[in-house]
Amino acid sequence: MNPYRTNTAGELRAENAGESVRLAGWVHRRRDHGGLIFIDLRDRWGITQVTFDPERAELFATAEKLRPEWSISIEGEVARRPEGNENPDLPTGEIEIEATKLRVLNESVTPPFEIDREREVDELLRLKYRYLDLRRTRMRENITFRHQVVKHIRDYLDDRGFLEIETPLLTASTPEGARDYLVPARLYPGQFYALPQSPQQFKQLLMVAGFERYFQIARALRDEDQRGDRQPEHTQLDLEMSYTTQDEVLDLIEVLYTEIVEELTNKKLAAKPFPRLTYAEAMDRFGSDKPDLRFGLEIQDISEIARSSEFKVFRGAVESGGSVRGISVGGLGDLSRRETDEITKIATDAGAKGLAFFKVEEDALAGPIAKFFSGEDQDSLLAALAAAPGDYMFFVADRNPVVFESLNRLRLHFRDRLGLADENTLALCWVTDFPLFEWNEDEGRIEPMHHMFTMPQEEDVEKLDSDPLAVIGQLYDLVANGTELASGSIRIHRPDLQQKVFSVVGIDEEEAERRFGAMLNAFRYGAPPHGGIAPGIDRLLMVLRDEPNIREVMAFPKTQAARDEMMNAPGPVSEAQLKELNIALRRAPGSERGSNPAARPSEGNN
RNA sequence: GGGGACGUAGCUCAGGGGUAGAGCGCCGCCUUGUCAGGGUGGAAGGCGACGGUUCGAGUCCGUUCGUCCCCGCCA
């Protein structure tokens, strides 16, 4: 018999009355009535009320000393609570334990914040005392839920013949993409391992190796600045299949995600099967490759009306190869000058030179530029946007990328402003047929949209030479409520085609050999056609748990400045360690921002 | 790298030129049916740090450190 507990604090019910039990856990709350003491005992599974009777003098005297977060073990009899004293808010609320023994396993100093309350606490304090923060309901539930989702994933893939295979954490640096985290190689002075941004090449090599169906709950590391949904290390479901097709990958993930949502959450799926939009369609209708499909406000192209209008800004945009597009928004009432300025700023922040808008009146359009449009043109605009009296129409005239980005941001702004999206609905959709490459303005060169192992659509292969930017890839994203949850592709499996793609992005044979030699070589040994996907686990959990930040679904995240304030990482290392690694520092530790612990604000230490 | 918000008691916050306040928590005492227990008394901070303006600075100005959010960056 376990010396601490026979049952958990979440499982005892009325039918257990009369049983002798032991429970162990923390003092959640104490209610000392002088002549009677109630202790709420908390463990991972729940809360059970324990009573201490003054007739047992010694026991009672110990119970009087109990304080929140003391670790205790109690023994006693399960008793139905007196009539009328049940607590319907507690699963164990029909019973209580009449304590006969109490062991204090460990006292607790007063915690820096209250464990039993859900109020907001400063994030730095939460992270510094993460082991206490994790005791609180929110985090305990999130981390528990995380386990359930990952378990479901493992079972699902195991059922379908997938093998979970680990790949190295110490690997080679790949200069493009995100900045690598580097690890000095002691045995090779001046050389470094890199921590993986993803197991991409390894999983493809596992296909060459014949494992056919691979997955891994893999850590992916990127040394880039943080965001609400980005951490230095995050977790992906990395997955790859041989002899597969895009549809097969999509179906596999679609069923998995449908199960997760329907079996593990109370959320509603907006549509089953998930809508599949091409990249071109998503941009056209929503101005984004990760559209939020929970609401309308779809974008309409009015370039043809603009081309013949009197309004020079509109005409000019179309004549110089851009377009004019707009959305119609109801329910805004009458916007003040200040409000229209704010809305305009959203568009200009996205690169637009301005924002054209009209208020739709009963008989005509109103607004600063209405005078440039004939009655006929006004009717055409109304018809194009299906606008009704009381609506506002907003138009952006510019190069297409600017038009799309501006209207995308406006769409999301009105979603939030007008509460158009139901929080309990998950609009999952696939976006497919992405271009294989995109043009990098800053660097003046072609780059892969996803990565350079993506297979072009068969009919576009010949365009790799003539018009690479027009080549569509066998590339797909899973999107939920405007958030990208997964990204994948069918891969190139032939060395000649891979070499061709390398050359399009400016990697010659010698460089390809040096950096991707293993893979190119592997492809010469009958590499099977293969493809896969890599869903982000953290982002999925954020969406499913309605958490505003990725830190809320990770047990031990880093701060925005990529620090671990609990473990004090990163930190300096000894001169001896550096010497062993053949590393000389260019700057002494402590000379950089944020690197001086002594400069940090002090906080309570009770 | 850039922009914004914030930093006052252990926690959450109010105060905005005249010497610091609330709720919760904490400590003591009282209370036998509470479950955000109740009552009562008490301790606790000099307002992130540094420098300036002022007779006087949480309060105004500057710098700096830190946290969070956004852009850039990043799938």
Side-chain angles (χ1 to χ4, degrees), chain A residues 28-41 47-55 60 64 67-69 79 81-90 92-93 96 109-129 132 176-180 197-198 200 220-232 234 236 289-290 346 349-351 405 409 434 442 448-451 475 477-479 483-489 533-536 538-539 548-549 551 559-561 563 565 593-606:
Chain A
H28 188 62
R29 287 194 189 119
R30 52 185 277 267
R31 292 178 292 281
D32 183 346
H33 287 236
L36 180 67
I37 297 173
F38 297 99
I39 295 293
D40 286 343
L41 183 71
I47 288 176
T48 299
Q49 174 165 287
V50 182
T51 64
F52 291 90
D53 189 318
E55 307 232 329
F60 192 81
E64 277 185 313
R67 291 293 180 275
E69 301 310 313
R81 294 192 186 187
E83 187 79 31
N85 283 303
E86 300 86 357
N87 183 351
D89 297 331
L90 228 49
T92 60
E96 60 196 8
V109 296
T110 303
F113 48 83
E114 291 151 66
I115 309 297
D116 62 334
R117 280 169 220 276
E118 288 308 304
R119 73 149 52 112
E120 291 283 320
V121 177
D122 180 68
E123 277 241 28
L124 189 60
L125 201 66
R126 290 177 60 199
L127 293 175
K128 183 156 186 156
Y129 296 91
L132 297 180
E176 68 285 314
R179 194 177 296 112
D180 285 319
Q197 297 180 24
S198 84
Q200 183 62 35
L221 300 107
R222 303 197 170 95
D223 186 5
E224 296 291 350
D225 289 344
Q226 312 299 293
R227 273 297 187 291
D229 59 356
R230 295 201 319 240
Q231 278 273 307
H234 76 278
Q236 293 181 336
D289 60 3
K290 41 183 187 217
I346 294 168
D349 283 349
E405 179 57 21
R409 291 194 195 183
F434 283 78
D442 300 332
M449 186 90 146
H450 181 57
H451 55 54
L475 238 178
D477 280 4
L478 178 64
V479 174
T483 299
E484 181 198 306
L485 289 188
S487 194
S489 64
I533 192 165
D538 312 278
R539 281 190 189 174
N549 196 289
R551 290 185 297 272
T559 66
Q560 163 124 335
R563 289 193 60 84
E565 291 292 346
R593 164 187 183 269
S595 60
N596 181 7
R600 296 176 168 279
S602 63
E603 82 289 309
N605 52 4
N606 65 326

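Naming: A, B, ... by sequence-line order, numbering from 1 per chain.
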Stacking check: are the rings of A/H33 and B/rG37 less than 5.5 Å apart at their centres and under 30 degrees in tilt? yes

Would you mind classifying the nucleic acid contact of A/Q200 as base, sugar-phosphate or nothing, using non-hydrogen atoms under 4.0 angstrom? nothing

Measuring only the P atom in each nucleotide, how far is B/rC73 from B/rC65? A whole number of Å is fine. 25 Å

In Watson-Crick or G-U wobble terms, both distances under 3.5 Å, what is the partner of B/rG28? B/rU40

With both distances under 3.5 angstrom, what nucleotide forms a Watson-Crick or G-U wobble pair with B/rG46? none

Given RNA chain B, 5'-ward residue of the pair A/G35 and A/D32, judged by closest heavy atom: A/G35

Rounded to whole Å, please give me the gap between CG in A/L36 and P in B/rU34. 10 Å

Anti or syn - B/rG46, cut at 90° from 0: syn

Measure from the side-chain N and O atoms of A/N549 to the backbone N and O of A/R551, and report whether any donor-acceptor pair falls under 3.5 Å. yes

For A/D229, enumerate each residue passing the salt bridge (Lys or Arg N to Asp or Glu O under 4.0 Å) test, keeping only those at least two apart in sequence or located in another chain. A/R539

Just how far, in rounded Å, is P of B/rU34 from CG of A/D89? 14 Å

For nucleotides B/rG46 and B/rA57, find the distance between their C1' atoms and express it as a whole number of Å. 12 Å

If you round to the nearest 0.5 Å, how far is CG of A/D289 from CZ of A/F434? 4.5 Å

So A/T559, base contact, sugar-phosphate only, or nothing? Heavy-atom distance under 4.0 Å. sugar-phosphate

For A/V121 and for A/E55, find the nucleotide of RNA chain B with the closest heavy atom, then tell me which residue's nucleotide is more 5'. A/V121

Looking at B/rU34 and A/F38: do their rings stack (centroid distance under 5.5 Å, interplanar angle under 30°)? yes

Could you measure between the two P atoms, the one in B/rG41 and the one in B/rU63, and give it in whole Å? 48 Å

Just by distance, do the side chain of A/R29 and the backbone of A/D116 share a donor-acceptor pair under 3.5 Å? yes

Is a donor-acceptor pair below 3.5 Å formed from side chain A/R81 to base B/rU34, judging by atom type as modelled? yes

What's the closest nucleotide to the side chain of A/P82 if the choices are B/rG25, B/rG33, B/rG37? B/rG33

Between B/rG33 and B/rA20, how far is it from one C1' atom to the other, in whole Å? 41 Å

Distance alone, cut at 3.5 Å: any donor-acceptor contact between the side chains of A/Q49 and A/N87? no

In whole angstrom, give me the gap between the C1' atoms of B/rC35 and B/rA44. 29 Å

Can you tell me if A/R31 touches the phosphate of B/rU34, counting only side-chain N or O atoms and a distance under 4.0 Å to OP1 or OP2? no

When you compare the side chain of A/P68 with that of A/H28, does any pair of heavy atoms fall below 4.5 Å? no

Listed partners of A/D40 passing salt bridge (Lys or Arg N to Asp or Glu O under 4.0 Å), at least two apart: A/R31

Distance between P atoms of B/rU8 and B/rC50 (Å, rounded): 16 Å

Interatomic distance at C1', B/rG7 relative to B/rG45, whole Å: 14 Å

Please report the distance, rounded to the nearest Å, between CD1 in A/I37 and C1' in B/rU32. 11 Å

At less than 4.0 Å, is any side-chain N or O atom of A/R126 found next to OP1 or OP2 of B/rC11? Yes or no. no

Integer-rounded Å distance: B/rC26 C1' and A/R117 CZ: 13 Å

Could you tell me which residues satisfy side-chain contact (heavy atoms from CB on, under 4.5 Å) with A/R179, sequence neighbours excluded, listed by chain and number? A/D223, A/E224

Quick one: label A/Q49 by what it contacts on the DNA or RNA (base, sugar-phosphate, nothing), any heavy atom closer than 4.0 Å. base

Any strand counts, and the cut-off is 3.5 Å on both contacts for Watson-Crick or G-U wobble. Which nucleotide pairs with B/rA5? B/rU67

Those residues at least two apart in sequence (or on a different chain) that pass salt bridge (Lys or Arg N to Asp or Glu O under 4.0 Å) with A/R81 are none

Please classify the glycosidic conformation of B/rG58 as syn (within 90° of 0) or anti (everything else). syn

Among all residues two or more places apart in sequence or in another chain, which pass the salt bridge (Lys or Arg N to Asp or Glu O under 4.0 Å) test with A/E114? A/R117, A/R119

I need the CG-C1' distance between A/L127 and B/rC68, as an integer number of Å. 11 Å

What's the CZ-P distance between A/R30 and B/rU32, to the nearest Å? 15 Å

From B/rU32, B/rC35, B/rC24, pick the nucleotide closest to the side chain of A/D40? B/rC35

Its contact letters, B for base, S for sugar-phosphate only and - for none at protein heavy atoms under 4.0 Å, make nucleotides 69-75 of chain B read BSBBBBB

Nearest-angstrom distance, P atom, B/rC29 to B/rU67: 42 Å

